[in-house]
Each structure stands twice: as structure tokens, then as C-alpha cells.
Amino acid sequence: QLQVVESGGGLVQPGGSLRLSCVASGFALDGYNIGWFRQAPGKEREGVSCISSSGRSTVYADSVKGRFTISRDNAKNTVYLQMNRLKPEDTAVYYCGAGFRTVQAMCRTPIEAVGYWGKGTLVTVSS
């Protein structure tokens, strides 16, 4: 069964950091473009950051540029999202998704462009 599993979420104070991990099970991530997405209560799922299969191309939402960094270690079948200077508005369930569409398409229209979704990990930024 093909699946991706997210981990690393939790409660953090504003200004703090978290690192999320996305691990693939049942398939090799190195053939896929991967994205991190988030969904806050009452809002649509949005693209946070996406990375190409090679790691050479990345996309970031304007709201996280300069604070979040996406990376991948294909040898470990894992994609990471390092989140620094977290803000309360970053609070959401964060999802990992894999697909073959371009990283631009994945981050712009995740519901249409992502083929495999994880179940998500909750990030809460609060004092």
C-alpha cells in the first residue's frame, strides 16, 4: 500500500521552531515531487512549499518565505519542512503530498495535483 506519513507536529510558542518529516511507505519518494500543505479550521487546504524529485526546484507560499525551508533526503525516503519564527497564523494541520505534476501546480492547486496524501500532523503556535 502506497502511503506517506507525517510527523513532527506539536505545540510551540510564537517565534519557535519545528521540523516536520514526511516518510514514504511502499514506494520510493525519489520519483515524485513532494509538497507540504496545510489546512486551518474553516479554510481551504493550501500549498506551503513544494520540492521537485531532484530537489533542484522549490516553491514557497509568500506567507512562509524566509521562515520555512523544504528539503529532501532520497536515501532516507524522507522530505522535511523546517519551520522557524513560527506565528499563530501558522497553526493548522500540515499534510504531505506526493505527485507527478510540477511543483508550481502542486502548490497552487493541491487538491487537483497531488496523488497521494498523508493523514496530517497538527501544528499549534500559541503562547
Side-chain angles (χ1 to χ4, degrees):
Q1 183 177 0
L2 306 182
Q3 60 178 350
V4 291
V5 180
E6 305 93 336
S7 63
L11 173 64
V12 63
Q13 291 187 341
S17 298
L18 282 174
R19 188 176 80 157
L20 305 183
S21 298
C22 170
V23 179
S25 176
F27 68 104
L29 271 182
D30 60 1
Y32 291 79
N33 296 333
I34 304 296
W36 282 100
F37 310 86
R38 66 187 181 188
Q39 188 164 15
K43 294 189 176 182
E44 293 185 352
R45 191 168 299 187
E46 63 174 353
V48 174
S49 183
C50 297
I51 187 168
S52 63
S53 57
S54 67
R56 287 193 291 265
S57 180
T58 57
V59 171
Y60 292 93
D62 288 342
S63 59
V64 306
K65 281 181 181 176
R67 300 189 297 123
F68 290 11
T69 303
I70 192 169
S71 63
R72 64 191 300 159
D73 186 339
N74 287 336
K76 294 183 178 180
N77 223 24
T78 304
V79 175
Y80 304 98
L81 184 69
Q82 178 66 44
M83 305 187 296
N84 298 328
R85 305 202 311 272
L86 282 160
K87 304 176 181 179
E89 51 264 43
D90 295 318
T91 295
V93 177
Y94 283 70
Y95 298 90
C96 175
F100 295 113
R101 300 284 296 275
T102 66
V103 291
Q104 291 81 6
M106 287 180 68
C107 264
R108 184 173 63 245
T109 56
I111 301 302
E112 292 87 357
V114 173
Y116 302 101
W117 288 103
K119 293 183 178 180
T121 184
L122 177 63
V123 171
T124 303
V125 185
S126 175
S127 55

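Everything quoted here is computed from the prediction, not taken from an experiment.
When all heavy atoms of A61 and G47 are compared, the closest pair comes out as CB-O, 3.5 Å. In terms of heavy-atom proximity, P14 sits nearest to P88 at CG-CG, 4.2 Å. Of all heavy-atom pairs between S57 and Q104, the closest is OG-NE2, 4.3 Å. Closest of all the heavy-atom pairs between D62 and K65 is OD1-NZ, 3.1 Å. Of all the heavy atoms in L86 and R67, the pair that sits closest is CA-NH1, 3.8 Å. Across every non-hydrogen atom of D73 and Y80, the tightest pair is CB-CE1, 4.1 Å.
Counting only heavy atoms from C-beta outward, the side chains of C96 and W36 approach each other to under 4.5 Å. Annotation: side chain of V59 is not in contact with side chain of S49 (no heavy-atom distance under 4.5 Å). Between V123 and T91, every side-chain heavy-atom pair lies at or beyond the 4.5 Å cut-off. In this structure, the side chains of L29 and I34 come closer than 4.5 Å at one or more pairs of heavy atoms. In this structure the side chain of L20 reaches within 4.5 angstrom of the side chain of M83, judged on heavy atoms. The closest side-chain heavy-atom distance from V48 to L81 is below 4.5 Å. Put simply, the side chain of F27 does not reach to within 4.5 Å of the side chain of Q3, judged on heavy atoms. Looking only at side-chain heavy atoms (C-beta outward), I70 and V79 come within less than 4.5 Å of each other.
N33 places a side-chain N or O within donor-acceptor distance of the main-chain N or O of S53, the cut-off being under 3.5 Å. S54 places no side-chain N or O within 3.5 Å of a backbone atom of S52 that could act as its donor or acceptor partner. The main-chain N or O of C22 is never found under 3.5 Å from a side-chain atom of N77 such that the two would form a donor-acceptor pair.
Within the structure, the salt bridge (Lys or Arg N to Asp or Glu O under 4.0 Å) test picks out no pair touching residues 101-127 (sequence neighbours left out). Residue pairs meeting the salt bridge (Lys or Arg N to Asp or Glu O under 4.0 Å) criterion with at least one partner in residues 41-54, sequence neighbours excluded, are R38-E46.
At a threshold of 4.5 Å between side-chain heavy atoms, the hydrophobic network of Ile, Leu, Val, Met, Phe, Trp and Tyr places V23 and I51 in two separate groups. Connection of V103 to Y60 is not established within any shared hydrophobic cluster, with ILVMFWY side chains joined at heavy-atom distances below 4.5 Å, either directly or through further cluster members.
Counting side-chain heavy-atom gaps under 4.5 Å among Ile, Leu, Val, Met, Phe, Trp and Tyr, the cluster of L122 also holds F37, V93, Y95, M106, I111, V114, W117.
In this structure, the ring of Y32 has its center less than 6.0 angstrom from the ring center of F100.
Between K87 and D90 there is no salt bridge, since no side-chain nitrogen of the basic residue lies less than 4.0 Å from a carboxylate oxygen of the acidic one.
There is a side-chain donor-acceptor pair under 3.5 Å between N84 and S17.
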